[in-house]
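Single-structure report; data block below.
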Amino acid sequence: MLPFSSLEEAAASLGRPLTHAETLWFRYSATMPDYFIYFIIFFLFFLFMVLCSLPLALIEAMSPKLVNKFKIQPNVRIPFSRVLQCYKDVFIIQLIAITPIESTFIPFFKLIGIRTSLPLPSLWPEVAVQLLVYVLVEDYGVYWVHRLMHSPWAYDKFHRVHHEYTAPVGICTNYGHWVDILILALPTVAGPAIAPCHVLTFTAWLFLRQFQAVESHCGHDFPWSPNKFIPFYGGAEYHDYHHYVGKSQCNLASTFTYCDYIYGTYKVNQSTGHQNSPTLSWVIGTEKHA
């Protein structure tokens with residue numbers, strides 16, 4: 001809810017006319033309680049979480065030949081009925097556990113400085129720099145939290161549920177024990193806690209993070225995948241092997257590979273075009289693993 005009763009009052013407070021985007025935001029949120037704004041964000045995020053992975057899932061079910069040559073584990077076929085069951089399980093865990101618990105974080109979001117007020121942030125440099133900070137903070141934090149979740153106790157107690165899919169599909173990025181999901185989500189809010197932002201930037205960050213997570217779990221290495229263009233980006237090929245080996249501590253970061261390089265947990269495909277081979281050939285240092 002904005003502390004202005006009119007557009008004129010908002011413009012007077014800013015000392016300048018409102019931009020078109022700020023006018024739209026004022027009309028949308030001026031009388032809307034902050035809690036309601038966050039609930040709408042959570043709802044939109046849930047829709048995005050489901051829809052983001054759906055196109056590839058439908059293509060694999062109806063026309064798999066279109067994407068077979070890009071599949072990282074070509075000999076593994078997950079029945080569409082199991083994919084639908086994964087969607088169902090994700091929906092249930094989000095509905096009965098994750099979303100209700102996340103709603104209790106709203107006072108924390110306000111406490112760390114995530115604002116709903118005017119002015120809106122500039123795309124450059126404010127939003128761009130904040131998103132870069134969030135990506136780097138989240139990636140480093142996930143590496144260590146994920147490594148913790150691969151300790152024997154935490155893996156057997158919580159994280160093994162996520163690894164039921166040794167050949168991941170997009171929606172399984174949100175599949176897991178609810179404790180595991182919440183713990184691994186903590187680094188996602190660490191960046192905004194360090195560099196507070198507008199709620200619209202926070203929303204963009206959640207959507208970006210979800211898209212990246214779905215891409216890394218999609219099980220396909222496309223010519224247009226981000227790892228083809230962004231240095232040290234892990235992507236689907238990098239994370240697919242993490243699922244392939246299960247409990248092993250390797251390829252633990254969420255986005256980039258530098259933490260695994262530094263701390264000795266990086267495993268990379270040694271063969272070329274391994275998606276066309278019945279086996280995976282990987283190397284860490286000079287030791288080969290079939």
Side-chain angles (χ1 to χ4, degrees), residues 38-62 64 67 71-73 76-106 138 141-142 145-146 149-150 154-189 202-220 234-236 238-244 246-247 251-255:
Y38 279 106
F39 280 129
I40 292 175
I41 290 171
F42 291 155
F43 175 73
L44 293 176
F45 176 73
F46 178 77
L47 287 180
F48 183 77
M49 179 186 70
V50 172
L51 296 176
C52 187
S53 59
L54 191 57
L56 183 56
L58 292 176
I59 291 173
E60 281 206 273
M62 296 185 294
V67 293
K71 192 168 177 63
I72 298 170
Q73 297 188 49
V76 179
R77 286 287 178 265
I78 299 177
F80 191 61
S81 59
R82 190 182 179 195
V83 176
L84 289 179
Q85 182 62 45
C86 187
Y87 273 95
K88 179 182 176 181
D89 293 340
V90 168
F91 178 81
I92 291 173
I93 197 67
Q94 289 287 329
L95 185 65
I96 68 174
I98 304 302
T99 300
I101 293 174
E102 284 178 340
S103 66
T104 66
F105 294 169
I106 294 176
E138 190 271 347
V142 162
V145 174
H146 197 184
M149 298 309 293
H150 272 262
Y155 185 91
D156 293 337
K157 194 74 174 177
F158 305 116
H159 195 56
R160 64 172 178 79
V161 178
H162 180 68
H163 277 270
E164 289 175 4
Y165 289 85
T166 55
V169 293
I171 188 60
C172 78
T173 184
N174 300 100
Y175 176 80
H177 193 289
W178 66 270
V179 173
D180 183 40
I181 294 172
L182 289 174
I183 290 176
L184 284 168
L186 292 177
T188 302
V189 298
F202 184 61
T203 304
W205 162 233
L206 293 180
F207 279 50
L208 177 65
R209 175 68 186 98
Q210 179 64 23
F211 178 82
Q212 184 277 327
V214 168
E215 190 276 331
S216 68
H217 284 84
C218 75
H220 293 75
Y238 160 85
H239 195 70
D240 198 275
Y241 185 64
H242 174 79
H243 276 260
Y244 179 73
K247 198 171 184 176
N251 298 6
L252 296 164
S254 60
T255 305

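Fair warning: this is a prediction, and the values are worked out from it, not measured in the lab. Computed over heavy atoms, backbone and side chain alike; hydrogens, waters and symmetry mates excluded.
Annotation: side chain of Y244 is not in contact with side chain of I72 (no heavy-atom distance under 4.5 Å). Between T188 and W205, some side-chain heavy-atom pair lies under the 4.5 Å cut-off. Between F91 and V50 there is no side-chain heavy-atom pair separated by less than 4.5 Å. In this structure the side chain of F46 never reaches within 4.5 angstrom of the side chain of L95, judged on heavy atoms. Between T173 and Q210 there is a side-chain heavy-atom pair separated by less than 4.5 Å. Taking 4.5 Å as the limit, some side-chain heavy atom of L58 sits within range of a side-chain heavy atom of F80. Looking at heavy atoms from C-beta onward, M149 lies out of side-chain contact with H162 at the 4.5 angstrom threshold. Counting heavy atoms from C-beta outward, S103 and F39 have side chains that approach closer than 4.5 Å.
Here I181 contributes atom CD1 and L186 contributes atom CG; the two are 12.5 Å apart, rounded to the nearest 0.5 Å. Put simply, CG on N251 and OH on Y241 are 8.0 Å apart, with the number rounded to the nearest 0.5 Å. Distance check: L44 CG to L51 CG gives 10.5 Å after rounding to the nearest 0.5 Å. The CZ atom of R82 lies 10.0 Å from the CG atom of D89; values are rounded to the nearest 0.5 Å. To the nearest 0.5 Å, atom OG1 of residue T203 and atom CZ of residue F48 are 12.0 Å apart. For the atom pair CG of D180 and NZ of K157, the computed distance is 13.5 Å after rounding to the nearest 0.5 Å.
H243 places a side-chain N or O within 3.5 Å of a backbone atom of Y165 that can act as its donor or acceptor partner. Here the side chain of E138 pairs no donor or acceptor atom with the backbone of S254 at under 3.5 angstrom. Between the side chain of N174 and the backbone N or O of V90 there is no donor-acceptor pair closer than 3.5 Å.
Using a 30° and 60° split on the angle between ring planes, F42 and Y38 fall in the tilted class, from 30° to 60°. By the 30° and 60° cut-offs, the orientation of the rings of Y155 relative to H163 is tilted. Using bins of under 30°, 30° to 60° and over 60° for the plane-to-plane angle, the ring pair H239/H146 lands in the tilted bin. Using cut-offs of 30° and 60° for the angle between ring planes, the H159 and H242 rings count as tilted.
When every heavy atom of A236 is checked against every heavy atom of C218, the shortest pair comes out as CB-SG, 4.0 Å. Here the closest non-hydrogen pair linking S53 and G170 is CB-C, 3.7 Å. The two residues H150 and L252 have their closest heavy-atom pair at CD2-CD2, 3.9 Å. Closest approach of D240 to Q73, counting heavy atoms only: OD1-NE2, 2.6 Å. Nearest heavy-atom pair, G141 versus P187, reported as atom, atom and distance to 0.1 Å: C-CG, 3.7 Å.
When only modelled atom types and interatomic distance are considered, R209 and Q212 share a side-chain donor-acceptor pair under 3.5 Å.
Within a 6.0 Å radius of CZ in F43, other residues, nucleotides and ligands contribute 12 heavy atoms or fewer.
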Step-by-step side-chain contact (heavy atoms from CB on, under 4.5 Å) determination, I101 to W178
CA-CA 10 Å; I101 293 174; W178 66 270; 3.7 Å; yes
Quick one, L84 with K88, criterion side-chain contact (heavy atoms from CB on, under 4.5 Å). Give me CA distance, side-chain angles, the key distance, then yes/no.
CA-CA 6 Å; L84 289 179; K88 179 182 176 181; over 6 Å; no
Can L54 and Y87 be said to form a side-chain contact (heavy atoms from CB on, under 4.5 Å), step by step?
CA-CA 10 Å; L54 191 57; Y87 273 95; 3.8 Å; yes
Between V214 and M49, does the side-chain contact (heavy atoms from CB on, under 4.5 Å) criterion hold? Intermediate values first, please.
CA-CA 8 Å; V214 168; M49 179 186 70; over 6 Å; no
